[in-house]
Amino acid sequence: MAAAGSDERVARAEEALRAYGLSDGGWRRSPSGNLRELLTDLLQWCDATQHGFERALAAARAQHQAESPGVAAAAGAAGRAEGAAGTGSAGSAGSAGNAGRAGSA
């Protein structure tokens, strides 16, 4: 069963991604391509405004897990597998410029 508010969050995310689909060249991208473009823009925004992308992403993951019972177990297993593989989260290289900067999540 979906957590309260998840339908609204999904609708807002779809609206944001739809804007990328309607942008110049967006019609040529897949939904995952639009997601990648949005995340890239958010990384750039964080760099420009000195906000920590990784810190915000960690806070968003924690909020998602708190709002979505059952997701925490799956996310924990995925995080352990990712750590064992020696990989980081997507975007960590893009936000490396934020290291040592003051900012908020």
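Just so it is clear, the structure is predicted and the values come from calculations on it, not from any experiment.
Legend: residues meeting salt bridge (charged side-chain N to carboxylate O under 4.0 Å, His left out) with Arg18, ordered by chain and number and at least two apart, are absent. Looking at residues two or more places apart in sequence or on another chain, you find no side-chain hydrogen bond (donor to acceptor under 3.5 Å, both in side chains) involving Glu15. Legend: residues meeting side chain to side chain contact (heavy atoms under 4.5 Å, CB included) with Arg36, ordered by chain and number and at least two apart, are Thr40.
Here CD of Glu67 is found 4.0 Å from CZ of Arg9. Values are rounded to the nearest 0.5 Å. Atoms SG and CG, from Cys46 and Leu39 in turn, are 10.5 Å apart once rounded to the nearest 0.5 Å. Expressed to the nearest 0.5 Å, how far OG1 of Thr49 lies from CD of Gln44 amounts to 11.0 Å.
Side-chain contact between Trp45 and Asp41 is absent, with no heavy atoms from C-beta onward closer than 4.5 Å. Taking 4.5 Å as the limit, some side-chain heavy atom of Leu38 sits within range of a side-chain heavy atom of Leu42.
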